[in-house]
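Step one of this worksheet: look at the structure below.
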Amino acid sequence: MESAENNARSLNFIETIIEEDLQNNKNNGKIHFRFPPEPNGYLHIGHAKSICLNFGLAEKYKGLCNLRFDDTNPAKEDVEYVDSIKEDIQWLGFQWNGEPLFTSNYFDQLYGWAMQLIKQGNAYVDEQPQEEISRQKGVPTRPGTESPYRNRPEEENLLLFEKMKNGEVADGAMVLRAKIDMSSPNMHMRDPIIYRVLHAEHHRTGNKWNIYPMYDFAHGQSDYIEGITHSLCTLEFEIHRPLYDWFLDQLAEAGRPRPRQIEFARLNLSYTVMSKRKLLEMVEKNLVSGWDDPRMPTISGLRRRGYTPESIRQFADRIGIAKRDNVIDVGLLEFSVREHLNKITPRVFGVLDPVKVIITNYPEDKVEMLELINNPEDETAGTRQVPFSRELYIERNDFMEDPPRKFFRLGPGREVRLKGAYFVKCEDYKKDENGNVTAIYCTYDPDTKSGSGSQRKVKGTLHWVSVQHAVNAEVRLYDRLFLDEDPAGHKDRDFKEFLNPDSLKILQNCKLEPSLKEIKHGDKFQFQRLGYFCVDKDSRSEYPIFNRTVPLRDSWKKM
RNA sequence: UGCCCGAUGGUGUAAUUGGCAACACGUCUGACUCUGAAUCAGAAGAGUCCAGGUUCGAACCCUGGUCGGGCAACCA
């Protein structure tokens with residue numbers, strides 16, 4: 001593929017750094033990444049970008065990539081999320097190095113390091129109330145003031161920290177702070193809190209701990225413990241980097257690989273929200289059916305919608321890696337699925353909004369089995385037999401009573417090809433009292449059978465399903481969840497105000513060709529002329545249910 | 001008002017490190033077509049945020065601005 005060639009030619013800024021490090025034999029040429037999700041929600045397409053980056057770089061440079069759950073806040077985390085995250089990463093086609101790891105594995109080490117900081121005079125226990133501490137922090141433009149406890153003796157710090165650990169201190173009553181610089185222009189360096197008291201049960205360590213480390217005190221050190229060489233994260237952590245480095249300066253030993261934090265811009269997708277908090281809110285308020293609702297930008301949602309891992313990885317590849325803020329057009333994601341599904345998906349006939357066609361000159365009880373190509377993009381996909389008979393369903397919008405000139409479909413007196421079958425010409429049609437077309441009467445031309453070499457040409461080709469052989473099905477059509485390009489970008493309006501009321505349409509009278517009787521959850525098809533569809537997990541054999549992954553490009557609807 | 005990032009067609013990402021802006025999506029033509037899909041051929045669209053400077057030569061270097069994003073959770 002040409003994009004791969006381009007990639008070989010030009011590196012993104014992270015690859016440039018890595019290749020420089022390799023050239024300088026930094027860390028003895030060791031390359032080790034990590035993907036560090038907090039298990040407090042499901043992964044979304046933004047995480048997919050990060051997963052593809054970290055695991056992809058590990059593949060490219062023959063390095064390793066750990067999976068490490070950043071589980072330092074038991075109040076928000078849950079094993080349900082741990083499991084879904086593992087599943088999503090593997091579904092995308094990546095495998096982490098060794099066992100999944102947890103920051104909580106390092107709680108003992110982190111505790112030890114905290115004591116070391118105290119002994120080095122780099123940390124102290126503060127027992128002021130939260131409000132006081134935050135007041136003393138000052139504001140970005142003005143320096144903060146030092147805590148009265150800042151210079152308490154080492155023994156006292158050790159003793160109090162011990163009490164915190166032993167559960168003798170109430171939540172919020174004391175914290176351990178790094179002693180850095182209350183007047184730093186970087187707020188994160190103003191004596192950041194590194195341990196807080198939290199009498200909460202942790203999903204892995206149970207009730208062992210009454211104190212938990214903060215992100216800043218845990219992340220860099222965990223990277224260091226695991227021998228991570230390149231610690232990739234999103235831009236909002238840029239300002240944390242001096243602190244990340246500061247802890248390592250205090251604690252790291254010479255001769256061991258020292259991780260370097262590198263920040264890149266997170267993914268933003270038009271017409272969607274991408275924060276776990278907002279996604280969680282939609283789940284909790286039942287605005288969607290769950291984390292895996294096919295309209296959700298979660299990996300599980302995209303999977304259920306019918307996206308393939310390949311298409312998501314291809315998408316991640318296309319959007320690139322840089323440091324500037326970006327908004328990627330959802331159209332690019334859709335392009336990526338279409339591209340892949342076009343190659344792998346069998347073509348079938350499905351009529352979503354059926355209207356009956358009666359071929360008046362075709363024998364009443366005759367049934368012909370016609371051979372149709374499964375996938376013109378894939379010769380190995382073979383053919384299948386599809387029954388043709390006197391009464392067929394076609395798509396309601398493939399017929400117009402008074403069609404414009406450029407309408408290459410059916411209308412009074414117009415002739416079209418029924419794909420894989422014959423030409424039919426509309427001779428008459430019937431309407432009910434409401435003006436709805438109820439039946440279209442056609443004649444067919446027996447000389448135009450597919451493959452017969454007939455020279456006559458016709459402009460349009462329609463898909464169809466034989467009435468007596470049709471399988472009834474439900475089809476769920478999805479549209480973008482939000483009507484606004486940037487639903488979360490409005491200062492005074494809640495993102496939920498922009499929800500698209502028509503993001504889900506359920507069609508329950510769809511007619512499918514009989515080969516679709518034998519299907520299983522997750523199977524993917526192209527419903528010819530309509531789009532790509534997959535079998536939903538709600539589907540039952542008596543009543544199949546399909547999700548429309550994405551419609552085909554349609555240059556007609558634009559006219 | 002402090003500090004940290006960033007700025008290249010409509011959207012993203014490049015430009016062999018100073019050699020006269022490329023690729024993808026999208027858009028528009030046309031060809032082909034038993035999917036108005038796919039495929040193929042072609043076109044339009046930025047002179048690189050602005051102003052100076054260095055240089056034979058600047059998207060890349062320097063200076064000063066402008067604009068956008070981020071930072072003041074016992075979240076990550």
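- Of all nucleotides listed (B:U35, B:C75, B:U13), B:U13 comes nearest to the side chain of A:N326.
- Residues A:S104 and A:D71 bring a donor and an acceptor atom of their side chains to less than 3.5 Å of each other.
- Below 30°, between 30° and 60°, or above 60°: for A:W291 and A:Y42 the angle between ring planes is below 30°, a parallel geometry.
- Aromatic ring orientation, A:H240 versus A:Y215: perpendicular (interplanar angle above 60°, classes split at 30° and 60°).
- Taking A:Y224 as the reference, nothing meets the ring pair (Phe, Tyr, Trp, His ring centres under 6.0 Å) condition, with sequence neighbours excluded.
- Listed nucleotides: B:A7, B:G36, B:A76. Nearest to the side chain of A:N73: B:A76.
- Its glycosidic angle being more than 90° from 0, B:G57 falls on the anti side.
- Scanning residues 133-147 of chain A for heavy-atom distances under 4.0 Å to RNA chain B yields A:G138, A:V139, A:P140, A:T141.
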Q: List the steps and the verdict of salt bridge (Lys or Arg N to Asp or Glu O under 4.0 Å) for A:R68 and A:D223.
A: CA-CA 9 Å; A:R68 180 174 73 237; A:D223 287 339; 2.7 Å; yes
Q.
Run the salt bridge (Lys or Arg N to Asp or Glu O under 4.0 Å) test on A:E395 and A:R529 for me, step by step, so that the C-alpha distance in whole Å, both residues' side-chain angles and the decisive distance to 0.1 Å come before the verdict.
A. CA-CA 10 Å; A:E395 213 66 65; A:R529 301 210 305 134; over 6 Å; no
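- With both ends at atom C1', the span from B:C25 to B:U33 equals 24 Å, rounded to whole Å.
- The glycosidic torsion of B:U17 lies within 90° of 0, placing the base in the syn range.
- Taking a centre distance below 5.5 Å and an interplanar angle below 30 degrees as the stacking criterion, A:W556 stacks against the six-membered base ring of B:G36.
- B:A41 and B:A51 are spaced 44 Å apart, taking the C1' atom of each and rounding to whole Å.
- No more than 12 heavy atoms of other residues, nucleotides or ligands shown are found within 6.0 angstrom of CD1 on A:I373.
- If you take atom C1' in B:C56 and the same atom in B:U39, they sit 48 Å apart, rounded to whole Å.
- For the P atom pair drawn from B:G70 and B:G47, the interatomic distance equals 27 Å after rounding to whole Å.
- Stem analysis of RNA chain B (Watson-Crick or G-U pairs, both distances under 3.5 Å, runs of at least three) returns B:2-7 with B:66-71, B:10-13 with B:22-25, B:27-31 with B:39-43, B:49-53 with B:61-65.
- Residue A:R324 places at least one side-chain N or O closer than 4.0 Å to OP1 or OP2 of B:A7.
- Between A:W209 and A:F107, the ring planes lie perpendicular to each other; the angle is over 60°, past the 30° to 60° tilted range.
- Comparing the same atom, P, in B:G9 and in B:C60 gives a spacing of 14 Å after rounding to whole Å.
- Within 4.0 Å (heavy atoms only), A:F407 reaches at least one base atom of the nucleic acid.
- Going from the C1' atom of B:A14 to that of B:A24 covers 11 Å, rounded to whole Å.
- If you check the side chains of A:H219 and A:R34, you find a donor sitting under 3.5 Å from an acceptor.
- For the P atoms, the distance from B:G52 to B:U13 is 29 Å, rounded to whole Å.
- Heavy atoms of A:V327 sit under 4.0 angstrom from primed sugar atoms or phosphate atoms, though from no base atom.
- Considering only side-chain N and O atoms, A:R553 lies under 4.0 angstrom from the phosphate OP1 or OP2 of B:U27.
- Contact annotation: side chain of A:E377 to base of B:U39, donor-acceptor pair absent below 3.5 Å.
- Proximity note for A:M187 (side chain, C-beta onward) versus B:C5, B:C74, B:C71: the nearest is B:C71.
- The C1' atoms of B:U8 and B:A22 are separated by 11 Å, rounded to the nearest whole Å.
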